[in-house]
> 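The structure's right below; bear with me while I get my questions together.
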2 protein chains.
Amino acid sequence: MAKKNKITGDFTTEERIKIAARIVFTKKGYAATRTRDIAEAAGINLALLNYYFRSKEKLFDLIMLESLQAFKHSLKGVLNDEKTTLEKKIEQVVSGYIDLLITQPGIPLFVLSELRHDPKVLISKMGLKDFIYRTSFMKQLKQAIAAGKVAPVHPLHFMINMLSMVIFPFVASPLLKSAGRMKEEEFNTLMTERKKLIPKWIFAQMKLK
Amino acid sequence: MAKKNKITGDFTTEERIKIAARIVFTKKGYAATRTRDIAEAAGINLALLNYYFRSKEKLFDLIMLESLQAFKHSLKGVLNDEKTTLEKKIEQVVSGYIDLLITQPGIPLFVLSELRHDPKVLISKMGLKDFIYRTSFMKQLKQAIAAGKVAPVHPLHFMINMLSMVIFPFVASPLLKSAGRMKEEEFNTLMTERKKLIPKWIFAQMKLK
DNA sequence: GTCTATATACGGATAGAC
DNA sequence: GTCTATCCGTATATAGAC
């Protein structure tokens with residue numbers, strides 16, 4: 001029995017459809033989603049969905065683009081702030097990202113699982129090519145390694161570790177919750193703890209010889 | 001244009017279908033997969049697929065179960081070996097798992113994205129309930145924390161960190177490759193480096209005050 | 001066991017009334 | 001803008017010949 005959560009509140013029809021679409025697409029993925037389900041969740045008729053968005057695919061592209069934007073946006077500002085130190089950037093990214101994921105835990109899995117079908121198009125449309133490399137964060141990291149202040153390994157390792165430790169628990173949450181006997185609330189407590197812990201862990205990694 | 005890789009070699013028809021099904025399901029997910037595509041990849045007719053496996057769903061369940069088995073199996077043996085130290089277990093899990101993922105990089109995303117639809121059934125069928133907690137690894141880890149040898153945080157954090165740093169790069173590989181301007185080969189080189197690096201990083205985390 | 005042909009259902013999209 | 005009714009392509013599954 002799928003829950004029949006109708007979208008309520010003071011939204012235009014177009015907004016209600018988008019909200020419903022985001023929920024259903026995120027939960028079930030593109031192929032498993034029926035436009036009828038979106039319409040029902042939005043409290044409108046199927047025909048109206050097509051009236052506003054022309055097709056399932058166009059609606060989906062919109063939602064996906066916005067999801068990727070949210071992802072990219074929450075990294076970009078912080079990683080490119082010329083004024084902050086490497087350490088500060090890490091603290092800010094980790095903290096901001098975990099806050100975001102606690103409220104929207106389904107987005108990473110949604111993006112990653114759909115991306116495997118046609119990565120090229122979206123990645124170029126989003127300007128993600130070389131995105132990490134062009135950040136101020138990456139330049140600082142390279143300098144720190146060159147100066148011997150950070151362990152001499154490929155700088156991407158630290159970026160990967162940071163994103164992994166922040167994002168993966170949310171991606172694997174159903175497995176982690178049952179394999180680690182956690183309830184929703186315990187899980188969120190653990191994730192909140194990680195806002196302080198992950199930066200410390202990364203710093204420790206960077207100092208290793 | 002989907003590649004028309006027919007399954008060749010000395011396999012029975014049933015095996016060929018399963019091999020083809022694993023490839024197509026892993027790449028596209030359940031809903032986006034057409035049984036016709038599996039049949040074509042297996043070099044047989046659509047009707048024959050139903051002759052052997054009754055339905056798309058039954059075939060899928062089989063593939064999913066085997067994928068989860070592979071995941072669980074590669075952890076279970078190592079984590080429950082009473083004779084090895086905590087450190088040794090970590091080294092073995094990380095190394096074995098990365099080797100597995102380099103050859104089968106699509107499995108985690110496949111499992112995790114399908115699991116979000118109906119986690120309960122598969123998790124209970126797989127005996128994953130409390131799986132982590134019942135391991136010898138977890139007992140050793142708790143003892144080490146109690147003895148003050150490991151930082152006093154929730155032991156699951158370290159398990160999460162290990163799995164995150166190992167698995168996540170493969171789950172996010174399309175994004176990482178383009179955002180970090182890596183080719184397939186560079187990516188694998190990096191992952192191979194991580195077989196040695198991740199255990200060191202975990203040890204450093206565990207020693208923090 | 002393996003095939004061709006087909007029944008049947010489902011889902012996206014549109015026509016047309018209001 | 002919003003609805004009801006319907007069209008039509010597509011995908012699973014089966015019947016039945018070989």
Side-chain angles (χ1 to χ4, degrees), chain A residues 1-65 110 113-114 117-118, chain B residues 1-65 110 113-114 117-118:
Chain A
M1 300 312 110
K3 286 171 217 147
K4 308 256 169 94
N5 293 322
K6 295 266 168 56
I7 312 296
T8 58
D10 206 9
F11 296 107
T12 67
T13 302
E14 189 171 353
E15 287 167 340
R16 291 222 309 284
I17 297 174
K18 277 182 63 177
I19 295 170
R22 158 152 295 115
I23 294 171
V24 182
F25 277 137
T26 302
K27 181 147 57 190
K28 317 222 287 187
Y30 177 76
T33 292
R34 302 180 323 154
T35 49
R36 285 169 161 80
D37 291 338
I38 297 176
E40 191 190 357
I44 53 104
N45 188 276
L46 168 60
L48 206 51
L49 185 150
N50 286 292
Y51 171 77
Y52 277 102
F53 297 95
R54 296 292 301 167
S55 75
K56 176 184 180 182
E57 195 174 358
K58 284 197 171 45
L59 177 53
F60 175 82
D61 287 347
L62 203 67
I63 301 295
M64 172 57 80
L65 212 63
F110 167 65
S113 61
E114 298 297 337
H117 301 138
D118 58 340
Chain B
M1 299 313 109
K3 287 171 215 146
K4 309 260 169 89
N5 293 322
K6 295 266 168 60
I7 311 297
T8 58
D10 206 9
F11 296 107
T12 67
T13 302
E14 190 172 351
E15 286 168 340
R16 290 221 311 284
I17 297 174
K18 277 182 62 177
I19 295 170
R22 157 153 293 115
I23 294 171
V24 181
F25 277 137
T26 302
K27 181 147 56 189
K28 317 222 287 187
Y30 177 78
T33 292
R34 304 180 320 153
T35 48
R36 284 169 158 78
D37 291 338
I38 297 176
E40 191 190 358
I44 53 104
N45 189 276
L46 169 60
L48 206 51
L49 186 151
N50 286 292
Y51 171 77
Y52 277 102
F53 296 96
R54 294 288 302 168
S55 76
K56 177 185 179 182
E57 196 173 358
K58 284 195 169 48
L59 176 54
F60 176 82
D61 287 346
L62 202 67
I63 301 295
M64 173 58 80
L65 211 63
F110 167 66
S113 62
E114 298 297 337
H117 302 138
D118 57 339

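Numbers restart at 1 for each chain; the letters A, B, ... are given by sequence-line order, proteins then strands. Remember, it's a predicted structure, so these values are computed and weren't measured experimentally.
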> Rounded to the Å, how far apart are B/Tyr30 OH and D/dA11 P?
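Checked: the OH to P distance equals 14 Å.
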> Please classify the nucleic acid contact of A/Thr12 as base, sugar-phosphate, or nothing, using heavy-atom distances under 4.0 Å.
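The answer is nothing, as A/Thr12 stays clear of every strand by at least 4.0 Å.
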> Can you tell which of D/dG1, C/dA13, C/dT2 lies closest to the side chain of B/Tyr51?
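My answer, after comparing the listed nucleotides, is C/dT2.
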> Across the strands shown, which category fits A/Tyr52 at heavy-atom distances under 4.0 angstrom: base, sugar-phosphate, nothing?
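Contact class for A/Tyr52: sugar-phosphate only.
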> Could you state the atom-to-atom distance from NZ of A/Lys28 to C1' of C/dG11 in whole Å?
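My rounded result for the distance is 12 Å.
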> Side chain of A/Leu48 only, please: which of D/dA13, D/dG1, C/dA13 is the nearest?
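Nearest listed nucleotide: D/dG1.
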> Can you check the A/Arg36 CZ to D/dA5 P distance for me, whole Å?
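After rounding, the reported distance stands at 13 Å.
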> Should A/Thr35 be listed as having a side-chain N or O under 4.0 Å from OP1 or OP2 of C/dG12?
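The answer is yes; a side-chain N or O of A/Thr35 sits under 4.0 Å from OP1 or OP2.
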> Can you tell me the distance, in whole Å, between the CZ atom of A/Phe25 and the P atom of C/dG11?
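The answer, rounded to whole Å, is 14 Å.
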> Could you list the residues that satisfy side-chain hydrogen bond (donor to acceptor under 3.5 Å, both in side chains) with B/Arg34, not counting sequence neighbours?
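Residues passing side-chain hydrogen bond (donor to acceptor under 3.5 Å, both in side chains) with B/Arg34: B/Asp37.
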> Strictly distance-based, threshold 3.5 Å: is any side-chain N or O of A/Arg36 a donor or acceptor partner for the main-chain N or O of A/Leu46?
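No, because the side chain of A/Arg36 does not come within donor-acceptor range (under 3.5 Å) of the backbone of A/Leu46.
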> Separation of A/Ile17 atom CD1 from D/dT2 atom C1', in whole Å?
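Atom CD1 in A/Ile17 sits about 10 Å away from atom C1' in D/dT2.
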> Nearest to the side chain of A/Thr13, heavy atoms from C-beta on, is which of C/dA13, D/dT2, D/dA13?
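So the nucleotide nearest the side chain must be D/dT2.
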> C/dA13, D/dT4, C/dT4: which one has an atom nearest the side-chain heavy atoms of B/Ala47?
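Minimum distance to the B/Ala47 side chain belongs to C/dT4.
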> Please step through ring pair (Phe, Tyr, Trp, His ring centres under 6.0 Å) for the pair B/Phe110 and B/Phe25, ending with a clear verdict.
CA-CA 8 Å; B/Phe110 167 66; B/Phe25 277 137; 7.0 Å; no
> Under a 4.5 Å cut-off applied to non-hydrogen side-chain atoms, are B/Phe53 and B/Lys18 in contact?
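Yes, side chains in contact.
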> Please answer whether the main-chain N or O of B/Tyr30 pairs with a side-chain N or O of B/Lys56 as donor and acceptor at a distance below 3.5 Å.
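Such a contact is found between B/Lys56 side chain and B/Tyr30 backbone.
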> Is there a side-chain polar atom (N or O) of A/Asn45 under 4.0 Å from OP1 or OP2 of D/dT2?
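Checking D/dT2 against A/Asn45, no side-chain N or O comes under 4.0 Å of OP1 or OP2.
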> Starting at CG of A/Asn50 and ending at C1' of D/dC8, how long is that distance when rounded to a whole Å?
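Roughly 14 Å, once rounded to whole Å.
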> The side chain of B/Ile44 is closest to which nucleotide in this list: C/dT2, C/dC3, C/dT14?
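Among the listed nucleotides, the one closest to the side chain of B/Ile44 is C/dC3.
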> Which nucleotide in the list C/dG1, D/dT14, C/dG11 gets nearest to the side chain of B/Arg54?
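Out of C/dG1, D/dT14, C/dG11, the nucleotide with an atom closest to B/Arg54's side chain is D/dT14.
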> Just the rounded figure in Å: distance from P of D/dT10 to CG of B/Leu46.
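Going from B/Leu46 (CG) to D/dT10 (P), I get 16 Å.
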> Any donor-acceptor pair, under 3.5 Å, between the side chain of A/Arg34 and the base of C/dG12, if you only look at N and O atoms?
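Check fails, no donor-acceptor contact within cut-off.
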> Mind calculating the distance between CD (B/Glu40) and P (C/dC3) to the nearest angstrom?
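Answer to the nearest Å: 13 Å.
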